[in-house]
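Computed from a prediction, not measured in an experiment: that's the story for all the values here. Position 1 is the first residue of the sequence, and the numbers go up from there. One-based numbering, in listed order, for ligands and for the atoms of each.
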Amino acid sequence: MSVPRLLHTAAELKAAIAETLAAKAAARSAGGDGAGERKPDGPLSLGLVPTMGALHTGHRAMMDAARAENDVVVATVFVNPLQFNDPEDLRRYPRTLEADLELLGDAGVDLVFAPEESEVYPGGPPLVRVSSGELGNRYEGASRPGHFDGVLTVVAKLLHYAAPTASPAVSPVRYRAYFGQKDAQQLALIRRMAADLGFDAEIKAVPVVRSADGLAESSRNVFLDPAHRRAAAVLSRALFALRDSVSAGSPPDLAGAVALVEAEPLVELDYFDIVDPQTLQPLGSADRPLEKPALALLAAQVGPVRLIDNLPLEIPRTG
Ligand code: PAF
């Protein structure tokens, strides 16, 4: 296991990125990449994986994807106050930096940026923020006002801090940033932000990781007691049942999937919908098979925890 370098300020991070890229470039021209594993020819690459810590196997999959594709991997660990509209939720969000560093070292991450709040927001809450617009007001945004503006604002800052294009010693450098498919609305918004505001980074989605009972991995799962944890498994069962109806070439049985969730007394469903994966516009009608790939999207309160989950719905091949 390697020990990643821990940086606390944006200036330290930028200097460390420039140094690490320069070392990789030197190692490449000497015939290796410095880590014993040869990467394909072409420009060097940097993979950024933003997180709020409390890392689990879902994050590990993101680190592994970044490690497999890039010469340099940077992870960030920052619990962003701007995206919490409930102070109690922010207060109790798990903070586990030591364990996180172990997982990041094990995954071969090169650099970890773990700033204080005063580093990211030196003047307090920023006056100017990225607006998530109409797409940020639906679904998760409807019950968490301001949440996505807070997410986009911090992601924009993190993308700037880690941008390898700011490293004059080595160029060009390919820039990729990794986000979990589990937060489907967040992912769709980050893609739109990168396109609309002209970020250099290629935005990559990492598939949902599920535990054996089907529950999507989330930092908040630790707050589920055993009974609520058992009950929460109905969410993925309902998603898979819905997918089965689509795979069979039938109209999506959304009503059946909703009924499955509603039959579980410990689960209170907030929304369950079939949407376009990019725009999150509702799709499909109850009496016709889907005409294009879609995403089933849901959120529910399970005891003290709000859980979200989603599943791609592919159109069955004909012939
Ligand atoms: O998905 C998360 O963990 C956070 O929303 C992110 C992208 C790190 C921004 O704080």
Do we see a donor-acceptor contact under 3.5 Å between the side chains of Tyr139 and Asp273?
-> yes
Just say parallel, tilted or perpendicular for the rings of Phe84 and Tyr93, cut-offs at 30° and 60°.
-> perpendicular
State whether [X] and [Y] are salt-bridged, where the test is any N-O pair (Lys NZ or Arg NE/NH1/NH2 against Asp/Glu carboxylate O) under 4.0 Å.
{"X": "Lys204", "Y": "Glu202", "answer": "yes"}
{"X": "Arg243", "Y": "Glu314", "answer": "no"}
{"X": "Asp100", "Y": "Arg95", "answer": "no"}

Hey, what polar pairs (N/O, under 3.5 Å) does ligand 1 make with protein?
| unit_1 | atom_1 | unit_2 | atom_2 | d |
| --- | --- | --- | --- | --- |
| ligand 1 | 1 (O) | Gln186 | NE2 | 2.9 |
| ligand 1 | 5 (O) | Gln83 | NE2 | 2.9 |
| ligand 1 | 5 (O) | Gln186 | OE1 | 2.7 |
| ligand 1 | 10 (O) | Gln83 | OE1 | 2.7 |

Please find out if less than 6.0 Å separates the ring center of Tyr161 from that of Phe113.
-> yes
